[in-house]
Q: 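Got a structure here, written out as structure tokens. Questions coming.
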Amino acid sequence: MGAVPSTPRHTSTTTETAEYLIGTFVGEKSFPLASDFWQKLLELPLTLRSAPDRVQEACELFALNNNHTRHLTKILIHLSWCLEEAIRTSGAPSPVYLKAVNALYISSVFLKYIIENSQSDNIEELCLSLHENEPVPKDFTTDQKIEYLVMHNVLTFLGSIDVSPTTSLLHQELLNFMLVAMSTQLLSGPTPGPKDVNPFLDAAMSQESLLVNLVVRRLLLSYIMRPRLPSSSAAYSIFSEESQQGVLQRVGSAAANLVLLPFNYLVSSNSEGSRNQLADCSLHVLLILIHYHKCVVSDGLITDRSDDSATSDTVSKVNTYFTVNPYSKALENARDIEFDRADIEGNAQNGPVVRLPFASLFDTLGMCLADETAVLLLYSLLQGNSDFLEYVLVRTDLDTLLMPILETLYSASRRTSNQIYMLLIILLILSQDSSFSASIHKMILPGVPWYKEHLLHQTSLGSLMVIILIRTVQYNLSKLRDVYLHTTCLATLANMAPHVHRLSAYASQRLVSLFYMLSRKYNKLVELRDDKLQTKTISTGDSLVEDMSAELQIYTDFLRIVLEILNAILTYALPRNPEVVYAIMHRQEVFQPFRNHPRFAELLENIYNVLDFFNSRMDAQRTDGEWSVEKVLLFIINNCRSWRGDGMKMFTQLHFSYEQESHPEEFFIPYVWQLVLSRSRFSFSSEAINLFPVDLHANKQVYYQEPNTNLEGELNEHRVQLDP
């Protein structure tokens with residue numbers, strides 16, 4: 001049984017030898033771990049070809065025989081051994097690297113095929129164990145879990161071996177393998193449950209914290225440093241001929257459109273010069289790891305007396321909870337390599353933490369925020385890591401992050417709804433700090449070339465942010481009509497309002513126009529509701545009226561927030577914002593219909609107090625000729641000096657904060673995988689995906705499921721909780 005199959009005679013071609021070995025691998029005969037067969041298989045040249053139909057047949061045959069042969073488990077064990085040897089060489093050139101790459105090729109292709117085509121709830125077809133009577137080497141421990149052994153060695157190599165021209169190929173393929181191994185998540189529903197089966201992800205979660213920290217650090221460093229893979233003429237001459245496709249590359253494309261293998265990375269070029277395969281894949285793996293939630297059933301019984309028909313007061317109920325995600329914790333506890341707050345405060349972290357160059361991470365994110373995965377990483381850092389948030393807030397070049405964010409929001413019609421929403425949450429998180437709102441108004445931009453509707457010259461970053469937020473509300477009002485997007489924009493503006501400094505004329509005009517836009521929507525809803533109340537002709541009218549009344553209440557709240565924003569500027573920053581006073585005076589008629597509204601009256605009293613102050617002085621001042629814009633503005637500036645705020649009612653400052661809802665995994669896990677499928681070379685059978693909705697009439701291989709352009713459905717799963 002341990003004998004190696006006799007390979008074709010020396011007169012046969014290398015291709016025939018390779019196909020013979022692959023055929024033997026997928027066949028009925030089982031070879032023990034110590035057989036020479038595995039060495040011959042892993043030493044195959046990688047430039048060989050195989051017909052697609054032969055590859056598909058091989059995958060089907062392998063899935064049929066794997067339960068008996070356990071060849072998937074065995075090649076994963078050999079992969080682990082290759083990685084152990086590669087780790088011992090500490091990155092020095094070694095033949096074991098190519099064997100490891102071969103093991104990755106073969107295991108990835110057949111592993112992915114089995115995952116995609118699994119018919120059992122717990123993916124039994126993987127058969128991640130050896131038979132009890134299987135002969136094994138003396139130093140092999142039979143009671144260890146294969147998935148843990150593999151993931152431990154994969155993660156150890158990734159975390160401990162630096163990326164270099166010698167190792168970058170293996171680094172890339174290990175990341176690709178991890179995407180395949182973790183794709184079991186695509187088989188589960190959007191809400192994690194205790195019956196979900198993710199053996200490789202669970203194995204990754206059970207690693208020691210020191211290794212977890214090393215992996216998180218290495219993945220982020222690869223993203224920051226963006227190392228290039230070697231050219232085809234570099235270390236591996238085996239990849240030099242562009243016309244040749246490796247056997248396993250053809251296996252991948254034919255069997256399941258596997259991630260394109262390194263041959264293409266080394267010899268092909270594309271128009272996306274800024275994209276970096278190793279950096280992108282590192283980020284994809286990191287995002288999957290940090291957003292994974294394992295649901296488990298807790299022990300014990302729960303008392304339930306609500307059911308009188310129960311035969312006992314104590315009935316067994318499923319009580320589930322999520323285990324701690326060590327990768328998420330490692331990211332949350334990451335510290336700047338240049339500075340540690342504990343050095344000053346004297347309360348150092350318990351145990352080692354991830355040390356990162358925050359400056360380089362900040363700059364890299366600024367360059368990459370046009371990509372949605374970078375946006376999600378920035379969100380994860382700002383929301384979870386207080387040190388990184390503090391670092392961002394003290395940077396004097398906030399335009400590095402804000403300008404790409406604002407430019408992306410400016411082109412909202414070409415973005416996904418999720419991307420818009422994540423960017424707005426980032427701005428909301430930043431606006432919670434008063435120093436942020438103050439500093440962005442002091443940074444002057446010489447110009448904003450991508451803003452086409454109006455020439456923005458010598459505009460403050462804060463004014464631009466106000467303009468873009470209002471523009472986003474306007475876009476949402478006409479296209480998306482999503483309540484939560486409105487709420488997030490207005491909450492950010494409200495946080496900024498008390499700290500506004502020299503708001504530009506255009507931004508001030510847009511702020512008053514925002515009230516007018518929302519008031520028109522409000523008035524239209526009032527008319528529709530009143531018409532329905534008068535007719536009362538159909539039975540469903542009551543429910544329609546209720547829906548309109550609920551929407552009317554929402555827009556009443558929006559109008560009140562805008563009035564509070566204007567009040568905050570006039571109460572706390574009027575002398576510094578003459579353009580806001582001018583805009584209110586110029587459009588004062590838009591406020592008149594709401595003076596007696598019970599929700600708005602007290603806020604409008606302050607606005608009319610300001611109007612009365614300046615109108616009365618303007619009436620009293622004689623001028624030669626008409627009041628020009630320049631004369632009115634100069635008049636306001638001069639009279640701002642005598643403004644004392646007499647008669648102004650002081651309201652509690654609005655302050656909104658972002659809170660991640662209690663079950664963010666229902667939004668983030670599907671979202672992460674949608675991003676991975678859209679940006680990596682990894683695809684998955686649409687018929688096998690349960691994690692998010694898929695159009696089964698579209699391409700059988702899903703690279704990306706575009707989110708619904710209507711944010712309302714998306715945001716029901718992931719809402720901003722705003723607590724003033």
Q: Atom CE of residue position Met225 - does it have more than 12 heavy atoms of other residues, nucleotides or ligands inside 6.0 Å?
A: no
Q: Holding to side chain to side chain contact (heavy atoms under 4.5 Å, CB included), I want the full list of residues that pass it with Thr571, two or more places apart in sequence or in another chain.
A: Asn567, Asn606, Met648, Met650
Q: Is it true that atom CZ of Arg520 has more than 12 heavy atoms of other residues, nucleotides or ligands lying nearer than 6.0 Å?
A: no
Q: Show your working on salt bridge (Lys or Arg N to Asp or Glu O under 4.0 Å) between Glu372 and Arg679 and close with a plain yes or no.
A: CA-CA 9 Å; Glu372 217 167 333; Arg679 282 153 179 79; 3.5 Å; yes
Q: Judged by modelled atom types alone, do Asn609 and Glu605 share a side-chain donor-acceptor pair under 3.5 Å?
A: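 Distance-only check fails for Asn609 and Glu605.
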Q: Please step through ring pair (Phe, Tyr, Trp, His ring centres under 6.0 Å) for the pair Trp627 and Phe635, ending with a clear verdict.
A: CA-CA 10 Å; Trp627 282 95; Phe635 167 83; 5.6 Å; yes
Q: For Ser463, enumerate each residue passing the side-chain hydrogen bond (donor to acceptor under 3.5 Å, both in side chains) test, keeping only those at least two apart in sequence or located in another chain.
A: Ser460
Q: Sequence neighbours left out, what pairs pass salt bridge (charged side-chain N to carboxylate O under 4.0 Å, His left out) with at least one residue falling in residues 278-290?
A: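 Only Arg226-Asp280, Arg275-Asp280 qualify under salt bridge (charged side-chain N to carboxylate O under 4.0 Å, His left out).
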Q: CZ of Arg395: more than 12 outside heavy atoms within 6.0 angstrom?
A: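 More than 12 heavy atoms, drawn from other residues, nucleotides or ligands, come within 6.0 Å of this atom.
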Q: Given the rule in the ring pair (Phe, Tyr, Trp, His ring centres under 6.0 Å) test, do Phe613 and Trp643 qualify, once you have shown the distances and angles that lead to the verdict?
A: CA-CA 8 Å; Phe613 176 85; Trp643 169 259; 5.0 Å; yes
Q: Applying the ring pair (Phe, Tyr, Trp, His ring centres under 6.0 Å) test to Tyr522, which of Tyr555, Phe515, Phe594, Tyr516 qualifies?
A: Phe594
Q: Heavy-atom distance under 4.5 Å between the side chains of Leu361 and Tyr391, does that happen here?
A: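 The answer is no; the side chains never approach within 4.5 Å.
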Q: Determine whether the side chains of Asn523 and Glu527 contain a donor N or O and an acceptor N or O closer than 3.5 Å.
A: no
Q: May I ask you to decide whether Lys521 forms a salt bridge with Glu551, counting only side-chain N to carboxylate O separations under 4.0 Å?
A: yes
Q: Checking ring pair (Phe, Tyr, Trp, His ring centres under 6.0 Å) between Phe388 and each of Tyr379, Phe358, Phe362, which is the one that passes?
A: Phe358
Q: For Phe436, what residues pass the ring pair (Phe, Tyr, Trp, His ring centres under 6.0 Å) criterion, not counting sequence neighbours?
A: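 In terms of ring pair (Phe, Tyr, Trp, His ring centres under 6.0 Å), with neighbours along the sequence ignored, Phe436 is linked to no residue.
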Q: Please determine whether the number of non-hydrogen atoms from other residues, nucleotides or ligands lying under 6.0 Å from atom CG of Asn596 exceeds 12.
A: no
Q: Go through the structure and list residues passing side chain to side chain contact (heavy atoms under 4.5 Å, CB included) with Glu453, not counting sequence neighbours.
A: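 Glu453 satisfies side chain to side chain contact (heavy atoms under 4.5 Å, CB included) with Tyr410, Tyr451, Arg471, Tyr506 only.
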Q: Enter the distance from Trp450:CH2 to Thr408:OG1 here, rounded to the nearest 0.5 Å.
A: 8.5 Å
Q: By side chain to side chain contact (heavy atoms under 4.5 Å, CB included), which residues pair with Glu602, not counting sequence neighbours?
A: Arg560, Phe651
Q: Let me confirm one number: the CZ-CG distance from Arg587 to Leu511, rounded to the nearest 0.5 Å.
A: 12.0 Å
Q: Is the Phe667 to Tyr421 ring centre distance short of 6.0 Å?
A: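 No, the ring of Phe667 stays outside the 6.0 Å limit from the ring of Tyr421, centre to centre.
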